[in-house]
Amino acid sequence: MTTQPAPAPYNHILPDVLSPQDVAYLNRLDRALRCGVPGCECATGSTLHCPSHGHAEAPTLTVVWDERREILAFHCPSCPPPRIYDALAKRGLAPASEIYNAFGAQGAGLQPFYFFIQQPPDWLWPNRIPLGKLTLIAGYPSSGKTSIALDIAARVSRGAAAPDQPDALFPSAPVVLALLDDNPKADVLPTLRLFGADLQRVYLADLLSPTHPVDYYPDDPPNDEDDGYFYQEDDDEDEDDEEYVFDNDGNEVRVPRRKPVGIRAPARDPFWSSPAPGSRLVAPWPSLDKVMARLANYIAEGKAVLLIVDQVEDLASMHRARLSTILGMLKALAARTGAAVVALTHNPALNYPRAVTAMQNRLAQASVVFTTAVVGPGERRFLVPLRPAMSDDTPAIPFVLPPSDAFTVAWRKPVFPAHMNALAGPRPDDGARTRAAQTFLTRALADGPRPASEIEREAAMHGISRRTLFRARALAGIRSTRIGASEGPGAGAWYWSLPSRSTPQQDETPR
């Protein structure tokens with residue numbers, strides 16, 4: 001490596017021998033490796049601060065031009081060249097002569113995106129439930145979230161059509177149900193039969209047994225220590241009731257072990273064996289890590305495409321874990337197995353839009369979030385998407401729960417966001433409510449006078465208060481007359497009519 005003898009602004013390098021790309025690169029080095037502190041040697045000298053030093057006080061890096069190889073070379077008296085090149089690469093200042101080699105990264109297990117093959121998104125339910133991601137369905141108790149999950153499981157097991165897309169069919173594949181709240185035989189099995197599920201493709205995940213055959217490979221038998229009891233005895237405890245002593249001649253004699261004399265203990269329960277002294281109490285169910293590994297084995301061994309967890313609060317309370325921890329592990333489980341994981345959770349609000357507001361803190365904990373909500377005075381139920389947000393591409397889906405063992409979940413035609421907002425009722429604006437009440441009165445009295453009591457009942461059915469109704473009657477100029485006998489308390493009946501349609505009769509009394 002040789003150095004040009006003539007000085008130049010770029011560390012003894014003649015600019016005429018450099019390409020425009022190299023000149024721009026040297027300018028970047030000057031801006032990045034000069035500290036700008038007054039009095040520092042890097043301000044006027046030809047050396048720069050070495051990026052491989054943790055706390056470099058003096059500039060020690062020199063950039064030279066190698067005529068033989070026609071490249072820029074770096075030299076530092078304290079750092080070898082590979083270390084300098086690594087430090088420059090971490091700052092985005094690697095020279096063009098240092099060609100990136102991906103073989104070392106691939107040997108370390110890194111996967112470059114260059115070798116990936118682009119593919120469209122995988123959906124279990126198109127634009128609703130993706131594969132390989134966590135989907136969260138929230139709802140108030142008895143709002144229908146379990147019925148929705150079981151209906152989806154039944155459709156997947158038999159390969160039926162999607163509720164909102166008759167042309168899109170679910171894959172006919174196995175389903176795993178992780179149930180912690182319902183009785184599988186008394187509650188879930190009748191519902192699955194009612195929904196027409198293929199029971200040979202729906203599996204029950206056992207999350208309470210300490211050991212399970214799916215936890216082990218065929219050549220790896222279960223550990224004898226994990227026997228499922230409530231306690232484990234210490235290995236160093238001597239259970240022998242005899243001990244060895246020496247007689248007067250020095251011979252070893254085996255005699256019964258002496259027991260301490262004290263207060264007599266109460267009689268033991270024949271159906272419960274008390275733990276031995278020094279035993280360690282353990283839970284009668286597997287740990288959280290073992291539960292997640294078991295669910296992954298369920299999906300792998302059963303070739304399942306859908307896992308339903310009902311519900312995550314029960315799983316978190318059983319293992320004394322945070323709800324965010326459970327959701328994070330389920331998200332990793334979905335990404336690792338490639339199956340669609342649907343987790344049911346609690347929503348403290350029932351009505352729309354309060355149900356949407358209550359789930360804002362859960363949006364970052366799942367890839368897709370839904371909530372069940374009751375909308376409007378008619379209390380119609382909707383499955384409302386929250387992530388991705390409800391739009392024309394992902395509208396809300398109304399559904400009707402089966403009142404008895406007559407039919408399955410009835411899905412209606414999807415509605416758009418504007419329709420949802422209109423169904424939620426008028427905004428808390430007195431002017432808008434009054435205008436809506438005026439419109440109601442105009443339509444109700446379009447065919448002629450009607451009894452005031454009948455109008456008030458209809459207004460109450462539409463959610464119009466009596467105060468708003470009378471305010472709208474005054475603004476609309478509705479005329480009120482009493483038809484019938486004019487004498488006596490409570491005689492006659494009051495009728496309302498529009499101003500232009502009012503035709504008072506002979507026995508009418510103005511109010």
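- A search for ring pair (Phe, Tyr, Trp, His ring centres under 6.0 Å) contacts involving Tyr298 returns His212, not counting sequence neighbours.
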Could you pull out all donor-acceptor pairs under 3.5 Å where a side-chain atom in residues 358-369 meets a protein atom, sequence neighbours excluded?
{"residue": "Gln360", "atom": "NE2", "partner": "Val356", "partner atom": "O", "Å": "2.8"}
{"residue": "Arg362", "atom": "NH1", "partner": "Gln365", "partner atom": "OE1", "Å": "3.0"}

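- Side-chain contact of Thr408 with Asp151: a donor-acceptor pair under 3.5 Å is present, judged by distance alone.
- No donor-acceptor pair under 3.5 Å is formed between the side chain of Asp215 and the backbone N or O of Thr211.
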Please walk me through it: do Ile148 and Lys145 pass side-chain contact (heavy atoms from CB on, under 4.5 Å)?
CA-CA 5 Å; Ile148 291 175; Lys145 56 181 181 297; 5.5 Å; no

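- Under the side chain to side chain donor-acceptor pair (under 3.5 Å) criterion, Ser172 pairs with no residue at all, not counting sequence neighbours.
- Taken to the nearest 0.5 Å, the CG atom of Leu441 stands 5.0 Å off from the CG atom of Leu469.
- Thr146 OG1 to Leu401 CG: the interatomic distance, rounded to the nearest 0.5 Å, is 10.0 Å.
- A donor-acceptor pair is defined here as one N or O able to donate and one able to accept, closer than 3.5 Å; such a pair exists between the side chain of Ser157 and the backbone of Asp198.
- With contacts defined as side-chain heavy-atom distances shorter than 4.5 Å, the pair Leu29/Leu88 qualifies.
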Review item, side-chain donor-acceptor pairs of residues 452-460, under 3.5 Å, at least two apart:
{"residue": "Glu454", "atom": "OE2", "partner": "Arg450", "partner atom": "NH2", "Å": "2.6"}
{"residue": "Glu458", "atom": "OE2", "partner": "Arg450", "partner atom": "NH2", "Å": "2.5"}

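- Taking CG of Leu207 as the start and NE2 of His319 as the end, the distance is 7.0 Å to the nearest 0.5 Å.
- Contact record, Val305 with Ala173: CG2-CB, 3.5 Å, taken as the closest heavy-atom pair.
- Counting only heavy atoms from C-beta outward, the side chains of Tyr25 and Gln21 never approach each other to under 4.5 Å.
- Rounding to the nearest 0.5 angstrom, the gap separating the CD atom in Gln311 from the CG atom in Leu323 is 9.5 Å.
- Judged by distance alone, the side chain of Arg387 and the main-chain N or O of Leu136 form no donor-acceptor pair under 3.5 Å.
- Taking the ring pair (Phe, Tyr, Trp, His ring centres under 6.0 Å) definition, one finds that Tyr114 meets it with nothing, sequence neighbours left out.
- Under the 3.5 Å distance criterion, the side-chain polar atoms of Gln165 are matched with a main-chain donor or acceptor of Pro126.
- Contact annotation: the side chain of Leu180 never approaches that of Asp310 to less than 4.5 Å [non-hydrogen atoms, C-beta and beyond].
- A distance-only check finds no donor-acceptor pair linking the side chain of Asn347 to the backbone of Ala138 [under 3.5 Å].
- At least one side-chain heavy atom of Glu313 sits under 4.5 Å from a side-chain heavy atom of Thr345.
- In this view, Thr325 and Arg322, Met329 satisfy the side-chain contact (heavy atoms from CB on, under 4.5 Å) rule, not counting sequence neighbours.
- Side-chain contact between Pro163 and Arg155 is present, with heavy atoms from C-beta onward closer than 4.5 Å.
- When the ring pair (Phe, Tyr, Trp, His ring centres under 6.0 Å) test is applied to Phe399, the partners found at least two apart in sequence or on another chain are Trp411.
- Legend: residues meeting side-chain contact (heavy atoms from CB on, under 4.5 Å) with Ala89, ordered by chain and number and at least two apart, are Ala94.
- Take Ile299 and apply the side-chain contact (heavy atoms from CB on, under 4.5 Å) test, not counting sequence neighbours, and it matches Leu307, Thr337, Ala339.
- Note on residues 329-371: no pairs pass ring pair (Phe, Tyr, Trp, His ring centres under 6.0 Å), not counting sequence neighbours.
- Using a 4.5 Å heavy-atom cutoff, the side chains of Arg473 and Ser480 are in contact.
- Annotation: Arg158, atom CZ; neighbour count of heavy atoms from other residues, nucleotides and ligands within 6.0 Å is above 12.
- Heavy-atom minimum distance, Pro398 versus Phe382: CB-CE2, 3.5 Å.
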Please walk me through it: do Leu150 and Leu177 pass side-chain contact (heavy atoms from CB on, under 4.5 Å)?
CA-CA 9 Å; Leu150 294 181; Leu177 301 181; 4.1 Å; yes

Check step by step if side-chain contact (heavy atoms from CB on, under 4.5 Å) holds for Leu189 and Leu199.
CA-CA 9 Å; Leu189 181 59; Leu199 300 180; 3.9 Å; yes

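- In this structure Phe195 satisfies the ring pair (Phe, Tyr, Trp, His ring centres under 6.0 Å) test with no other residue, sequence neighbours excluded.
- Interatomic distance, Thr372 OG1 to Ile137 CD1, rounded to the nearest 0.5 Å: 9.0 Å.
- Residues Gly302 and Pro174 come closest through the heavy atom pair O-CG, 3.3 Å.
- The main-chain N or O of Ile464 is never found under 3.5 Å from a side-chain atom of Arg433 such that the two would form a donor-acceptor pair.
- Residues satisfying the salt bridge (charged side-chain N to carboxylate O under 4.0 Å, His left out) test with Arg128, not counting sequence neighbours, are Asp164.
- Nearest heavy atoms, Thr434 versus Ala472: O-CB, 3.7 Å.
- Heavy atoms only, all atoms of each residue included: Pro210 and Arg294 are closest at O-NH2, 3.5 Å.
- Evaluated for a side chain to side chain contact (heavy atoms under 4.5 Å, CB included) with Pro130, the options Asp122, Leu124, Thr135 yield exactly one hit, Thr135.
- Atom NZ of Lys331 is surrounded by more than 12 heavy atoms from other residues, nucleotides or ligands within 6.0 Å.
- Counting heavy atoms from C-beta on, the side chains of Met390 and Pro385 come closer than 4.5 Å.
- For the residue pair Ser143 and Leu350, the shortest heavy atom distance occurs at CB-CD1, 4.5 Å.
- In this structure, Met292 and Leu330 have side chains that are in contact, with non-hydrogen atoms separated by less than 4.5 Å.
- Atom CD1 in Ile478 sits 6.0 Å away from atom OG1 in Thr442 (nearest 0.5 Å).
- Although no hydrogens or angles enter the test, the distance criterion places no donor-acceptor pair under 3.5 Å between the side chain of Asp182 and the main chain of Val188.
- Between the side chain of Asp206 and the backbone N or O of Leu208 there is at least one donor-acceptor pair closer than 3.5 Å.
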